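Below: one structure in structure tokens.
The model shown is predicted, which means the values in this text are computed figures rather than measured ones.
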Amino acid sequence: MQDLHGIGPSGAARLIGDVADISRFATRGHFASRNGTAPLDASSGDQQRHRLSRAGNRRINRALHIMAVVQLRHDTEGRAHYRRKLAAGKTPMEAMRALKRRLSDIVYKQMIEDVKKAGTGPGGHVGATLQSSAADTIPMIDTSEQSLPGPAEPQPRTPLLAASSWMTQRGATTGGQPGQLGVTLCSARIAADPCT
């Protein structure tokens, strides 16, 4: 991923972390839609225009924006693409949008190649198969087939009657003194005299 011009360690980490499994996206268009670089039609009348989408994952979009800015500062294919768009009559913002979409496609292609090179399985994990099990190294053993500990021991409980009489003795009822133990029940006194 860091072989791409404009992607450093933090940008690569951001892209890998936010994208997770690139196979979630069927096409580069789906990926562009998710990261907010797919253009939105903003045409009106005879004027055909597209604008930048505000939807999608903004962190991925920011990483692509930084990549675009870095490519514009150096003599790269990204700068040549940007200049071609300006020469075609696009505004600087439209040319930047087109560059970010192009870089989104390049990142998508690179991530697909990285997954193929690593030989990862479902979920992006090396060695994962659809038959593997997290419960055991042998895929045939399921978590429900393993023995479970014996039944739980019953725990003694405080009867409700004993707990309510203890609270009554401490003045925590509607007729008690406010402030004792920090507990005051005042449901009957709310209208006449609020609790203090």
Side-chain angles (χ1 to χ4, degrees), residues 1-137 139 142-143:
M1 180 66 65
Q2 292 184 42
D3 297 338
L4 299 175
H5 193 80
I7 296 287
S10 63
R14 170 63 63 198
L15 288 170
I16 292 169
D18 282 342
V19 171
D21 185 14
I22 193 68
S23 64
R24 298 186 300 152
F25 306 104
T27 65
R28 62 187 184 171
H30 286 96
F31 180 65
S33 178
R34 175 73 173 124
N35 63 40
T37 57
L40 293 177
D41 188 27
S43 302
S44 177
D46 293 334
Q47 187 178 25
Q48 297 294 320
R49 297 179 50 127
H50 292 90
R51 67 175 179 84
L52 188 63
S53 171
R54 297 280 181 207
N57 187 317
R58 304 312 301 161
R59 293 179 300 220
I60 297 174
N61 191 290
R62 183 174 187 271
L64 292 171
H65 181 79
I66 291 170
M67 185 180 178
V69 169
V70 169
Q71 289 206 5
L72 288 178
R73 289 182 180 172
H74 298 92
D75 190 23
T76 61
E77 179 58 35
R79 180 193 268 180
H81 181 78
Y82 179 81
R83 288 184 175 165
R84 282 193 304 270
K85 293 296 178 181
L86 288 176
K90 302 282 186 192
T91 66
M93 290 291 284
E94 290 173 330
M96 178 62 92
R97 181 205 49 78
L99 176 59
K100 284 171 68 173
R101 171 55 198 261
R102 183 175 182 278
L103 294 177
S104 171
D105 294 346
I106 291 170
V107 166
Y108 177 78
K109 181 180 175 187
Q110 182 66 43
M111 291 183 91
I112 291 290
E113 288 174 5
D114 289 347
V115 167
K116 288 179 183 176
K117 190 184 326 178
T120 57
H125 301 288
V126 177
T129 66
L130 295 176
Q131 288 78 30
S132 63
S133 171
D136 200 284
T137 55
D142 190 11
T143 55

What pairs meet the ring pair (Phe, Tyr, Trp, His ring centres under 6.0 Å) rule with one or both residues in residues 80-119, with sequence neighbours excluded?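 Applying ring pair (Phe, Tyr, Trp, His ring centres under 6.0 Å) to every pair that reaches into residues 80-119, excluding sequence neighbours, yields F31-Y108.
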Distance-only donor-acceptor check, side chains K100 and N35, under 3.5 Å: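 Not at all, the side chains of K100 and N35 share no donor-acceptor pair under 3.5 Å.
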Listed partners of Q110 passing side chain to side chain donor-acceptor pair (under 3.5 Å), at least two apart: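 Side chain to side chain donor-acceptor pair (under 3.5 Å) list for Q110, sorted by chain: D114.
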With R62, which residues qualify under side chain to side chain contact (heavy atoms under 4.5 Å, CB included), at least two apart?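 Here the qualifying residues are I66.
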Mind checking what makes ring pair (Phe, Tyr, Trp, His ring centres under 6.0 Å) contact with H5, not counting sequence neighbours?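 Partners of H5 under the ring pair (Phe, Tyr, Trp, His ring centres under 6.0 Å) test: H74.
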Smallest separation among heavy atoms of V19 and R24, with atom names: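 So the minimum-distance heavy-atom pair works out to O-NH2, 2.9 Å.
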Between T37 (side chain only) and S104 (backbone N and O only), is there a donor and an acceptor less than 3.5 Å apart?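 The answer is no, because no donor-acceptor pair under 3.5 Å joins these two groups.
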Please enumerate all residues that pass side chain to side chain donor-acceptor pair (under 3.5 Å) together with Q2, with sequence neighbours excluded.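 If we apply the side chain to side chain donor-acceptor pair (under 3.5 Å) test to Q2, skipping adjacent residues, there are no hits.
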For S10, enumerate each residue passing the side chain to side chain donor-acceptor pair (under 3.5 Å) test, keeping only those at least two apart in sequence or located in another chain.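 Per chain and number, S10 pairs via side chain to side chain donor-acceptor pair (under 3.5 Å) with no residue.
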Enumerate the salt bridge (charged side-chain N to carboxylate O under 4.0 Å, His left out) contacts for residues 3-19, please, sequence neighbours excluded, ordered by first and then second residue.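 Pairs touching residues 3-19 that pass the test: R14-D18, D18-R59.
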What I'd like to find out is whether the side chain of H65 reaches to under 4.5 Å of the side chain of M96, using heavy atoms alone.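 Heavy-atom side-chain distance check passes, below 4.5 Å.
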Is there side-chain contact between P92 and L86, with heavy atoms separated by less than 4.5 Å?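 P92 reaches L86 side chain to side chain.
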Decide, yes or no, whether a salt bridge links R101 with D105 under the criterion of side-chain N to carboxylate O below 4.0 Å.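 Judged by the 4.0 Å cut-off on N to carboxylate O distance, R101 and D105 do form a salt bridge.
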Verify the neighbour count for atom CZ of R79: are there more than 12 heavy atoms of other residues, nucleotides or ligands below 6.0 Å?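 Enclosed: over 12 neighbouring heavy atoms sit under 6.0 Å from CZ of R79.
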Just by distance, do the side chain of E94 and the backbone of T91 share a donor-acceptor pair under 3.5 Å?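 Such a contact is found between E94 side chain and T91 backbone.
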Do H30 and S33 have a side chain donor and acceptor closer than 3.5 Å?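 No.
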Using salt bridge (charged side-chain N to carboxylate O under 4.0 Å, His left out) as the criterion, list what pairs up with R34, not counting sequence neighbours.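 R34: no salt bridge (charged side-chain N to carboxylate O under 4.0 Å, His left out) contacts found.
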Contacts of type salt bridge (charged side-chain N to carboxylate O under 4.0 Å, His left out), residue R73, not counting sequence neighbours: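 Scan of R73 (salt bridge (charged side-chain N to carboxylate O under 4.0 Å, His left out), adjacent residues dropped) gives none.
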Donor-acceptor contact present, side-chain N57 to main-chain I60, <3.5 Å: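 Yes, N57 side chain to I60 backbone: donor-acceptor pair under 3.5 Å.
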Is it true that a side-chain atom of R58 and a backbone atom of A55 form a donor plus acceptor pair closer than 3.5 Å?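 Side chain of R58 to backbone of A55, a donor-acceptor pair under 3.5 Å: yes, one is there.
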For I106, what residues pass the side chain to side chain contact (heavy atoms under 4.5 Å, CB included) criterion, not counting sequence neighbours?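 With sequence neighbours excluded, I106 shows a side chain to side chain contact (heavy atoms under 4.5 Å, CB included) to L4, R102, L103, given in chain and number order.
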